[in-house]
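Let me begin by presenting the structure, written as structure tokens, before commenting on it.
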Amino acid sequence: MDNASIMPSAKSALLYERALKVLPGGNTRTTVFFKPHPLYAQKGDGCRITDVDGTVRIDAINNFTSLIHGYNHPAINAAVTEQLASGMCFGLPTEAEIDLAELLCDRVESVEQVRFMNSGTEAVMTAIKAARAYTGRPMIAKCEGSYHGTYDFAEISEGASPDRWGERIRPQSVASSLGTPQGVLSDVLVLPFNDVEVCEKLLLEHAERLACILIDPMPNRVGLIKASPDYLAMLRRVADKIGSLLVFDEIIAFRLGYNGAQGAGSVKPDLTTFGKIIGGGFPVGALGGNADIMAVFDPRRGKPSVPHGGTFTANPMTMVAGQIALRLLTPESFDYLHRLGEQLQNGIEKIFKTQGIDGQVTGAGSLRRIHFGSARLHDYRSSYADGAKQQRMTALHQAMLRNGILMAPTGLMALSTPMTGDDIGEIIDAFGKSLSSVAAS
Ligand SMILES: Cc1ncc(COP(=O)(O)O)c(C=O)c1O
């Protein structure tokens with residue numbers, strides 16, 4: 001195993017050797033795998049993460065966007081420690097679930113009622129089931145490339161490759177996992193992101209079968225570009241016309257503002273999925289919507305249209321951590337994060353320019369993604385990193401690790417409230433050094 005490319009990582013290399021025996025490929029979470037082996041975390045504090053070899057880095061991915069307050073926040077720690085002493089989970093509901101649901105309903109206008117889960121995958125799965133139960137229809141529509149977790153229907157065409165994705169104006173339904181039943185593929189309509197005309201036509205072709213249209217307002221794997229207001233307005237209009245539900249996946253995009261991504265626009269969805277930051281660092285998912293639709297879960301008249309449980313659902317550890325994390329996220333803290341995001345973007349763009357390398361930064365708020373190449377990114381296909389671009393991104397990721405920054409291997413970064421302007425400056429400096437080493441290699 002060549003681990004000269006990430007230094008120093010002797011203990012991580014040894015842990016990985018152990019992991020290889022008991023975990024497939026030494027891994028139990030595809031997203032945290034990279035070659036020659038991942039670095040193993042020891043601890044985190046504020047915006048810094050220390051690996052098992054004692055190397056400290058700025059954490060610019062924050063558990064794939066979920067830790068908006070970084071590590072070791074005193075208020076979250078205190079609330080969780082207090083809850084731990086009273087019981088970590090019960091076979092009864094707790095007041096904490098009402099508190100967190102109230103917070104979400106207060107912040108998001110389209111959400112009157114909430115149902116909790118333990119992951120974003122479950123939230124999207126449950127949204128799809130609710131839409132099917134409510135409309136009596138089987139099919140969903142989703143955008144090509146968009147990631148919504150690993151439920152069979154939701155994962156169709158995430159990561160579709162050029163040899164399989166078909167015509168741009170009529171993308172193929174591409175299985176993400178081998179062995180996906182044909183029935184699943186047939187019940188997912190794949191849409192080209194942000195193409196108003198083409199999507200409207202495709203949606204109308206399937207008008208009578210569509211239970212819901214699932215859209216992430218700023219999908220990371222589509223390039224971390226925003227859905228245009230016109231596109232969202234078209235989805236809303238068509239959904240109403242054909243009697244299908246509009247579902248916003250705000251599992252990452254809820255980072256975009258105090259009222260979520262939808263707070264900034266005029267289009268309101270019927271259902272919204274949440275996850276990541278609303279758990280304060282603990283496993284979470286949630287589904288919200290108006291009371292009429294959410295009634296599919298109501299158990300008061302016997303078996304509901306969508307039975308939904310979950311042993312650890314709404315566990316009070318997650319509920320109290322999430323509640324504190326959200327209360328800490330004031331409009332001012334969003335403004336602060338947005339300023340840091342702009343500083344990061346400007347700094348990186350300037351370095352691309354001064355080094356004469358084609359590159360760009362997408363994203364908004366506390367989320368940014370680095371891309372090689374300067375062609376305008378407008379959908380999954382234009383953002384798709386081919387072999388050469390992917391190789392350069394892998395080299396950049398490794399160089400960033402060597403220069404003290406943990407970002408996602410795809411170039412995604414998610415900022416946190418303990419970061420300062422100086423920390424962003426450190427990330428930018430590390431990017432400068434990393435980019436020149438990638439260019440020289
Ligand atoms: C937009 C979106 N939806 C759904 C999910 C799935 O969430 P989880 O990983 O909590 O299952 C993710 C995870 O990254 C996501 O980014």
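We count ligands from 1, going down the list as the structure has it; atoms in each ligand are counted the same way. Just so we're clear, the structure is a prediction, and the values are computed from it rather than from any experiment.
With hydrogens and angles left out, the side-chain atoms of Asn77 and Asn72 include a donor and acceptor closer than 3.5 Å.
Using a 4.0 Å heavy-atom cutoff, Glu122 is absent from the residues neighbouring ligand 1. By the 4.0 Å heavy-atom criterion, Tyr147 is counted among the residues contacting ligand 1. Residue contacts with ligand 1 include Asp216, since one of its heavy atoms falls under 4.0 Å from the ligand.
Those atoms of ligand 1 that come under 4.0 Å of a heavy atom in Ser119, given as number and element, are 10 (O), 11 (O). Residue-ligand proximity, Gly120 to ligand 1, at heavy-atom distances under 4.0 Å covers atoms 6 (C), 7 (O), 8 (P), 10 (O), 11 (O). For ligand 1, the atoms sitting less than 4.0 Å from at least one non-hydrogen atom of His148 are 3 (N), 4 (C), 5 (C), numbered in the order shown with element in parentheses. Of all the atoms in ligand 1, the ones that sit under 4.0 Å from a non-hydrogen atom of Lys276 are 13 (C), 14 (O).
For atom 2 (C) of ligand 1, the nearest non-hydrogen atom from the set Asn63, Asp249, Leu214 comes from Asp249. Taking each of Thr121, Val124, Ile252, Leu412 in turn, the one with a heavy atom nearest to atom 6 (C) of ligand 1 proves to be Thr121.
Side-chain contact between Ile68 and His73 is absent, with no heavy-atom pair separated by less than 4.5 Å. Between Thr362 and Leu377, some side-chain heavy-atom pair lies under the 4.5 Å cut-off.
For atom 8 (P) of ligand 1, the nearest protein heavy atom lies closer than 4.0 Å.
The protein heavy-atom contact nearest to atom 5 (C) of ligand 1 is Gly149 N, 3.7 Å.
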>> Test salt bridge (Lys or Arg N to Asp or Glu O under 4.0 Å) on Glu426 and Arg48; report intermediate values, then the result.
In response: CA-CA 12 Å; Glu426 248 184 76; Arg48 285 173 205 259; 3.4 Å; yes

> What's the verdict on salt bridge (Lys or Arg N to Asp or Glu O under 4.0 Å) for Arg57 and Asp51, showing C-alpha distance, side-chain angles and the deciding distance?
Replying inline: CA-CA 8 Å; Arg57 295 179 176 84; Asp51 70 19; 3.0 Å; yes

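Using cut-offs of 30° and 60° on the angle between ring planes, the pair Phe334 and His338 is perpendicular. Ring geometry for Phe274 versus Phe254: interplanar angle over 60°, hence perpendicular rather than tilted (30 to 60°).
In this structure a side-chain-to-backbone donor-acceptor pair under 3.5 Å is present from His371 to Gly223.
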